[in-house]
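A short write-up of the structure that comes next.
Protein chains get the first letters and strands the later ones, always in sequence-line order, with residue 1 at the start of each. Only heavy atoms go into these numbers, but all of them, side chains included; no hydrogens, no water, no symmetry mates. Source: prediction; values computed, not measured.
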Amino acid sequence: MSCSRTRNVWAVCKRELGGYFTSPVAYVFIIIFLVLAGFFTFNVGAFFARGEAGLGAFLIWHPWLYLFLVPAVGMRLWAEERKAGTLELLLTMPLTTWQAILGKFLAAWLVLALALALTFPIVITVCTLGDPDKGVMACGYLGSLLLAGAYLAVSSMTSAMSRNQVVSFILSVVICLFLLLAGWPPVTGMLVNWAPAWLVDGVAAFSVMPWFDNLQKGVVDSRGLLYFLSLILFALFTTGVILRGRRTN
Amino acid sequence: MIAANTLVKWFGAKLAVDAVSFTVAKGEVLGFLGPNGAGKSTTMRMLTGYLPPTSGTISIGGHHLEDDGLAARALVGYLPENAPVYPEMSVTGFLRFAAEARGLWGKERNLAVERVIETCFLEPIRRQTIETLSKGYRHRTCLAQCLLHDPPVLVMDEPTDGLDPNQKHEVRNLIRRMGADKAIILSTHILEEVDAVCSRAIVIDRGRLVANGTPAELRARSASAGQVRVRLQGPAAKEAAAALRALDGAAAAVVDAESAAGITLIVSPDPRDGRRPNLGPAVAALVAARHWTCDELRVEEGRLDEFFRAVTVPDTKREEKG
Ligand SMILES: Nc1ncnc2c1ncn2[C@@H]1O[C@H](COP(=O)(O)OP(=O)(O)OP(=O)(O)O)[C@@H](O)[C@H]1O
Ligand SMILES: [Mg+2]
């Protein structure tokens, strides 16, 4: 039974992956991601002038790049199926809604992971120019991947809400921006002056930023991993609830 | 195989399906008829588990849709309205996916895909991207998808929509062939199709089931059923009409046409105890006794379109009546 479950997820995932690579979505995403990552790292982040042997100048931009690029990939997840009517086909197959959601999510995440993997030249550069801590670099990449997954799950949720892709894009950018800014020092600094400490901590606890920062510094904190995984699971679960609800009207 | 019990579906404040019940057994092809917006597609969406009914129960092959949805859906092949397909995929790619989603992998999958490509005549376009297909081919691709796992239950929403006359014919033959050992439900606006493939038909109007019977039964309930049409040479129109009207069991006899070839009269039966007497022999006997020349005598079977119009409310009158 669990074998057939995995196979069902894989069937959906494989179809999605095929869809990404037969349409320009995957290529456009990967190219834009690489170009922007390069631009921010080398031109804005002054990668070479820093003289650090690390990925700091590179990874620091990821939350902001993903903020726009991931919702652009995720907005089509359900909106497109709904519009083309294939949602009816997909959900009447002998799959659970959860399997369909997971399959589609994993496929999109794999595309994001591929884009991230294609930034490997920067790792080579760092390694040839200096003597970086490999563990910290791996952690940094892990953080970036988890962050992309979290944004993607949020986009999947907003995509299920509306058949209009523009609406779902804007909604997910706003939610991701909240997740990003809730723990950003300027924002928490603003709150700290008038809000009680528990509220500041509460809001900051929603934020992806502290966990992302930790991973960048090479701190693998089980709470951080738990945070990302529960955010992803929560958003995917909500996707299921919305899909089930939206079918009724 | 399929049992739907008092299905009700509300869309907000709008009642789309109102207490519809029916069953379909193995070996039956059930036709769904009804005007636009009657609730045919909504009923089919509930049968296939896409829309949950507001109330009522559905069981497919003994599996209840709410408790055991996966097992129930595994028995069903579904062709949704407008035949949705993934535009960016190739025909074979799409069919492979549909097979895998239904649990067919590897060799089994390839065999199933080859089989439906043959039954749905997709060979010439098998490598083409679905986006670039004509409407009829797209429709056939989606039709192929629902036959992959050779399901015991088929639910098809307008299966011949957009097909050319040859393909309509092929698909009807296919459905009739498959009907022998499957339970099939199809919706259609083409009444000849009901005659051609359905063993039973139900008519839905504004969400309510208004008729359920074999095509012959439904036809027999139309106004023209049992009428006798005769063309006579010799007698005067008035005399013939009076004589025919006086026959036992006749309610009326009117002159339909008068020409050099003769006069055509229509004799309507007088329904007794809900049954219409067969006037054919009586009319023939009268013609013989009076030594009239008759070159046409036909007992009307009734017409489905007439019956359909009688039991459904046309769009234009809906506001006043509904
Ligand atoms: N998602 C929905 N939200 C609100 N109303 C809906 C929805 N789907 C269908 N309806 C309404 O339910 C009624 C039945 O629609 P349905 O599509 O079942 O009709 P149909 O019998 O298939 O018609 P057609 O012959 O045109 O295909 C219609 O009045 C329609 O407007
Ligand atoms: Mg319909």
What side-chain donor-acceptor pairs closer than 3.5 Å can you find for residues 141-153 of chain B, not counting sequence neighbours?
residue, atom, partner, partner atom, Å
B:Thr141, OG1, B:Tyr137, O, 2.7
B:Gln145, OE1, B:Arg102, NH1, 3.4
B:Gln145, OE1, B:Arg102, NH2, 3.0
B:Gln145, NE2, B:Tyr78, O, 3.4
B:Gln145, NE2, B:Cys142, O, 2.8
B:His149, NE2, B:Val76, O, 3.0
B:His149, NE2, B:Arg102, NE, 3.4
B:Asp150, OD1, B:Lys182, NZ, 2.6

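No part of A:Glu80 comes within reach of chain B, as not one of its non-hydrogen atoms sits under 4.5 angstrom from that chain. With a 4.5 angstrom heavy-atom cutoff, B:Ala72 does not touch chain A via any of its atoms. Proximity to chain B (any heavy atom under 4.5 Å) is shown, for A:Thr86, by both the backbone and the side chain.
Distance check, rounded to the nearest 0.5 Å: CD of A:Glu16 to CZ of B:Phe97 gives 8.5 Å. For the atom pair CG of B:Leu47 and OG1 of A:Thr92, the computed distance is 11.5 Å after rounding to the nearest 0.5 Å. One finds the OH atom of A:Tyr20 at 10.0 Å from the CD atom of B:Glu88 (value rounded to the nearest 0.5 Å). The CE atom of B:Met89 sits 11.5 Å away from atom OG of A:Ser23, with the distance rounded to the nearest 0.5 Å.
Panel note: side chain B:Arg73, backbone A:Met93; a donor-acceptor pair is recorded below 3.5 Å. The closest donor-acceptor contact from the side chain of A:Arg7 to the backbone of B:Glu100 lies at 3.5 Å or more, if one exists at all.
Atom CZ of B:Phe22 sits in a crowded spot, with more than 12 heavy atoms from other residues, nucleotides or ligands closer than 6.0 Å. Annotation for A:Phe21: atom CZ counts as buried by contact number, over 12 foreign heavy atoms lying within 6.0 Å. For B:Lys26, the NZ atom is loosely surrounded, since the number of other residues' heavy atoms within 6.0 Å does not exceed 12. Under a cut-off of 6.0 angstrom, the local environment of CD in B:Glu118 is sparse, with at most 12 non-hydrogen atoms contributed by other residues, nucleotides or ligands.
In terms of heavy atoms, B:Ala101 sits closest to A:Ala11 at N-CB, 4.1 Å.
Legend: side-chain hydrogen bond (donor to acceptor under 3.5 Å, both in side chains) pairs involving residues 106-119 of chain A, not counting sequence neighbours, sorted by first then second residue: A:Thr119-A:Tyr141.
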query: After noting the C-alpha distance and the side-chain angles of A:Leu90 and B:Tyr86, does the key distance pass the side-chain contact (heavy atoms from CB on, under 4.5 Å) rule?
result: CA-CA 10 Å; A:Leu90 189 63; B:Tyr86 289 100; 3.9 Å; yes

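Here B:Arg45 pairs with A:Glu88 in a salt bridge; the nearest charged N to carboxylate O distance falls below 4.0 Å.
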